[in-house]
Amino acid sequence: MVTKLLIANRGEIAARIIRTCKKMNIPCVAVYSEADQNAPYVSMADEAYLLGGPKVNESYLHVEKILEIAKKANCDSIHPGYGFLSENADFARSCSRAGLTFIGPNPDIIEKMGNKVEARKLMEAAGLPLVKGLSRPLINLEDASKSAAEIGYPVMLKAAAGGGGIGMQAVWNEEDLIAAFSGNQKRAEMFFGNGDMFIEKLIEKPRHIEIQVLADQFGEAVYLWERECSIQRRNQKVVEEAPSPFLDEDTRINMGQSAVRAIKEIGYQNAGTIEFLVDEQQQFYFLEMNTRLQVEHPITEEITGLDLVELQIRVASGEKLALTQADIKREGHAIEVRIYAEDPVTFFPSPGTITSLILPENEYIRHELGVHGASIVSPFYDPMIAKMIVKGDTRNEAIDNLSSALEGYQINGIKTNIPLLLDISKHPAFREGDTTTDFIDKHLKN
Amino acid sequence: MEEIKASMAGSVWKINVSVGAEVVEAQDVVILESMKMEIPISAVGNGVVTELKVKEGDFVNEGDVLVIIE
């Protein structure tokens with residue numbers, strides 16, 4: 001049972017989780033840093049407690065303090081949201097030691113999925129197709145060069161402990177590989193404290209398509225269709241949509257069924273997302289698994305009519321999945337844009353004070369907000385301050401609705417990426433579904 | 001004299017030079033940190049550092065002068 005829930009997060013996702021708590025009549029507790037005292041989510045919760053200073057290690061990553069507040073407020077469960085402690089296996093273990101239900105999968109799976117080489121091995125054994133490559137670290141340059149020749153150029157050189165696009169480089173021939181190897185190894189060592197490198201076949205013109213899955217504690221699991229998240233900047237997503245404009249129906253179902261088989265095989269529980277790269281021939285390859293609620297989960301909710309946070313709470317409470325695969329519908333088309341406080345051209349962060357916020361309102365628009373019209377956007381956290389989700393009966397209608405909604409979206413006082421989002425929404429290549437991961441560089445940079 | 005300015009608001013994460021140091025064009029002199037992103041600020045010309053206007057941990061706004069070189 002979940003009788004009182006602490007939300008170990010901030011911003012729009014904390015507000016999102018609070019909404020579901022209210023709907024389910026579950027009292028909820030917010031925690032906040034000194035920088036977030038006036039954030040909208042703090043006043044939405046039934047109770048709110050100060051964690052400490054604005055830095056993340058004094059606040060949202062301060063495990064002891066969070067557990068102490070959970071105890072003091074008589075909470076029996078913790079929702080970690082995304083980012084911060086959501087994929088921290090030790091935090092999940094600490095919660096269960098303190099007698100708290102961690103809303104997510106078990107800690108061992110979180111741990112394994114956090115290492116790319118380990119995740120590759122686990123999912124290969126669970127039957128998912130992998131990009132041709134090595135499921136072990138490279139020994140030295142000679143090993144790298146031999147392995148690359150076997151796999152066939154072009155290849156992708158990757159850091160085992162990497163993430164967020166750091167420590168990754170495309171290599172087109174042996175000369176490039178020799179030039180890239182030691183530099184990337186050093187960079188991986190510096191950023192992640194682990195210089196292990198591995199190598200995979202480079203997928204050209206890839207799309208990033210992920211499957212939302214959900215499993216209960218009794219071995220039942222379903223997939224909630226896919227999300228395409230190919231449009232990215234600095235390897236971070238900017239626009240997401242469901243369904244994918246690219247997949248054919250057979251591939252879509254094949255990906256969903258493969259994902260469900262894999263999570264049953266590994267004994268996964270709660271909500272999760274399996275990310276795939278999909279090539280031009282609709283071949284799909286396992287990329288990584290996110291063992292938490294995803295930023296872009298609302299587009300799945302919009303096409304299925306389901307509340308993913310509610311389902312997470314229900315399965316974590318020990319309820320059986322009340323849905324079978326056949327119950328999961330798919331209606332219309334949904335697009336999410338992430339509103340970042342940043343320069344729309346250079347992508348440099350733009351913290352500051354919002355002087356006014358004017359939101360477009362319509363029945364096809366859903367807002368997820370981390371700020372209000374007088375918020376201070378601090379430099380301490382992620383630049384994403386809000387999300388807007390727009391629906392249509394068809395993809396074309398959703399794109400029309402998106403453009404007109406973005407035209408009415410005004411944030412003053414700080415720079416935001418809204419001009420970039422508007423350019424994407426109006427671009428003929430976006431309309432045609434030419435949404436490969438190099439979209440912004442290819443179509444919007446001169 | 002050349003002023004090296006912050007290209008974004010954030011905190012000063014690292015200062016790579018000290019007064020008297022010679023710097024060359026495109027060398028990273030300061031690294032700013034904001035919203036989980038590190039942005040190196042580089043010199044636009046060659047010269048010698050004559051003054052540091054900030055110290056590590058300081059908060060700066062876009063356009064603030066960080067380092068002066070001659």
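Throughout, a chain's letter reflects where its sequence line sits, starting with A, and its residues are numbered from 1.
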Does B:Met37 form a side-chain contact (heavy atoms from CB on, under 4.5 Å) with A:Phe348? I'd like the steps, not just the answer. CA-CA 8 Å; B:Met37 196 176 161; A:Phe348 282 178; 4.3 Å; yes
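- With a 4.5 angstrom heavy-atom cutoff, A:Thr346 does not touch chain B via any of its atoms.
- Here A:Met384 contributes atom CE and B:Met35 contributes atom CE; the two are 11.5 Å apart, rounded to the nearest 0.5 Å.
- Counting only heavy atoms from C-beta outward, the side chains of A:Lys415 and B:Met8 never approach each other to under 4.5 Å.
- Within a 6.0 Å radius of CG in B:Leu52, more than 12 heavy atoms belonging to other residues, nucleotides or ligands are found.
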Would you be so kind as to tabulate the donor-acceptor pairs closer than 3.5 Å made by side chains of residues 82-89 of chain A, with sequence neighbours excluded?
residue	atom	partner	partner atom	Å
A:Tyr82	OH	A:Glu12	OE2	2.3
A:Ser86	OG	A:Gly83	N	3.1
A:Ser86	OG	A:Gly83	O	2.7
A:Glu87	OE1	A:Arg292	NE	2.9
A:Glu87	OE2	A:Thr291	N	3.2
A:Asn88	OD1	A:Asp90	N	3.0
A:Asn88	OD1	A:Phe91	N	2.9

Pairs under 3.5 angstrom only: tabulate donor-acceptor contacts from the side chains of residues 10-22 of chain B to other protein residues two or more places apart or in another chain.
residue	atom	partner	partner atom	Å
B:Asn16	ND2	B:Asp28	O	3.3

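- Within the 4.5 Å cutoff, the side chain of B:Ser34 has no heavy atoms near those of the A:Phe380 side chain.
- If you measure heavy-atom distances from B:Glu33 to chain A, you find no contacts under 4.5 Å at all.
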